[in-house]
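Below is one structure; the comments refer to it alone.
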Amino acid sequence: MKRRYLLLLPCVTVVASCKVTKTYQRPATDTVAQYRGQSLSDTMNIARLPWRTYFQDADLQTLIAEGLSRNLHLKMAITRIEAANAAYQQSKAAFLPQTGFNAGYKQSRLAYPQGFGFVTTTPQYDMSLSASWEADIWGRLRSSKKAAYASLLAGEAAKDPYSPA
C-alpha cells in the first residue's frame, strides 16, 4: 500500500509542475466608458483640446512649439517608447527558429621537425552551421511577449497627454 503512495507522489508532482503560469483573469473594475480615443460627452473639458486652439496668440504658439521641440522629458519618453517597441518586436521574434553560420581561416607556421623540412605552413579552414528553436512549453516566451506589449502600451499612454497638436 505504501509503495502505491510512493509511486503516486512523484507522478502527481510532475503533473502539477507542468502548469507554471496561471491564466490571467481581469479583475472587475468600474471604469469610465470613454477610453482610448472615445468621444467625450463633457463639453467643458479642455484636457483633450489641442493647445493651438486654446492659445490663439501667434508669439505664444511659437514659444510653446519651441519648448515642446526642445523638451528633454518628451524626447526621453519617445525614446523609451521606441525601446519598448523594439523589445516587443524582439519578444515576438523569440518564437521563430534561430540560425547561425560561422566561417574562418587560419594559417600556421610549422617548426622544421614538424614539416620534415618540406612543409613550412599549414592552412586550417573552419566552418559551422547551427540552428535552434525553443518550444514554449512552460509559457516563458508568451509571458515575456505579453509583458513587452504591456510596457509598450504603458509608454504610449504616458506620452499621450504631451503629444503636440
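Nothing here was measured: the structure is a model prediction, and the numbers come from that model. Values below: every heavy atom of this structure, side chains too, minus hydrogens, waters and symmetry copies.
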Q) What are the two closest non-hydrogen atoms of Asp136 and Leu141, and how far apart are they? A) OD1-N, 3.1 Å
Q: Report the residues that fulfil side-chain contact (heavy atoms from CB on, under 4.5 Å) with Asp59, sequence neighbours left out, ordered by chain and then residue number.
A: Asp57
Q.
Are the side chains of Met76 and His73 in contact, using a 4.5 Å heavy-atom criterion?
A. yes
Q) Do the side chains of Tyr149 and Lys92 get nearer than 4.5 Å, heavy atoms only? A) no
Q.
Which heavy atom of Ile81 sits nearest to which heavy atom of Leu152, and what is that distance?
A. O-CD1, 3.8 Å
Q) Can you name the side chain to side chain donor-acceptor pair (under 3.5 Å) partners of Gln25, sequence neighbours left out? A) none
Q: Without swapping roles, check the side chain of Ser151 against the backbone of Ala147 for a donor-acceptor pair under 3.5 Å.
A: no
Q. Could you give the distance from OG (Ser130) to CZ (Phe101), rounded to the nearest 0.5 Å?
A. 10.5 Å
Q.
In the structure I gave you, are the side-chain heavy atoms of Pro123 and Tyr105 within less than 4.5 Å of one another anywhere?
A. yes
Q) Under a single-linkage rule joining Ile, Leu, Val, Met, Phe, Trp and Tyr whose side-chain heavy atoms are separated by less than 4.5 Å, which residues share a cluster with Leu72? A) none
Q.
Within the supplied structure, the quantity of interest is the number of heavy atoms (other residues, nucleotides, ligands) at a distance under 6.0 Å from Gln89 CD; does it exceed 12?
A. yes
**Q.** Donor-acceptor contact below 3.5 Å, side chain Ser91 vs main chain Tyr88
**A.** yes
Q: Mark yes or no for whether Gln61, through its side chain, and Arg52, through its backbone, hold a donor-acceptor pair below 3.5 Å.
A: yes
Q. Roughly how far apart are Thr121 OG1 and Gln107 CD, rounded to 0.5 Å?
A. 4.5 Å
Q) Heavy-atom distance under 4.5 Å between the side chains of Gln124 and Asp126, does that happen here? A) yes
Q) How would you list, by chain and number, every residue that makes a side-chain contact (heavy atoms from CB on, under 4.5 Å) with Ala135, sequence neighbours excluded? A) Trp133, Ile137
Q: Name all residues meeting the side chain to side chain donor-acceptor pair (under 3.5 Å) criterion together with Tyr54; count only those two or more places apart in sequence or in a different chain, and write none if there are none.
A: none
Q) Roughly how far, to the nearest 0.5 Å, is CG of Leu129 from CG of Asn102? A) 10.5 Å
Q: Could you check if a side-chain atom of Lys106 sits within less than 4.5 angstrom of a side-chain atom of Tyr125, using non-hydrogen atoms only?
A: no
Q. Do Leu63 and Phe55 belong together in a cluster built from hydrophobic side chains that touch within less than 4.5 Å?
A. no
**Q.** Listed partners of Glu134 passing side chain to side chain donor-acceptor pair (under 3.5 Å), at least two apart
**A.** Arg140
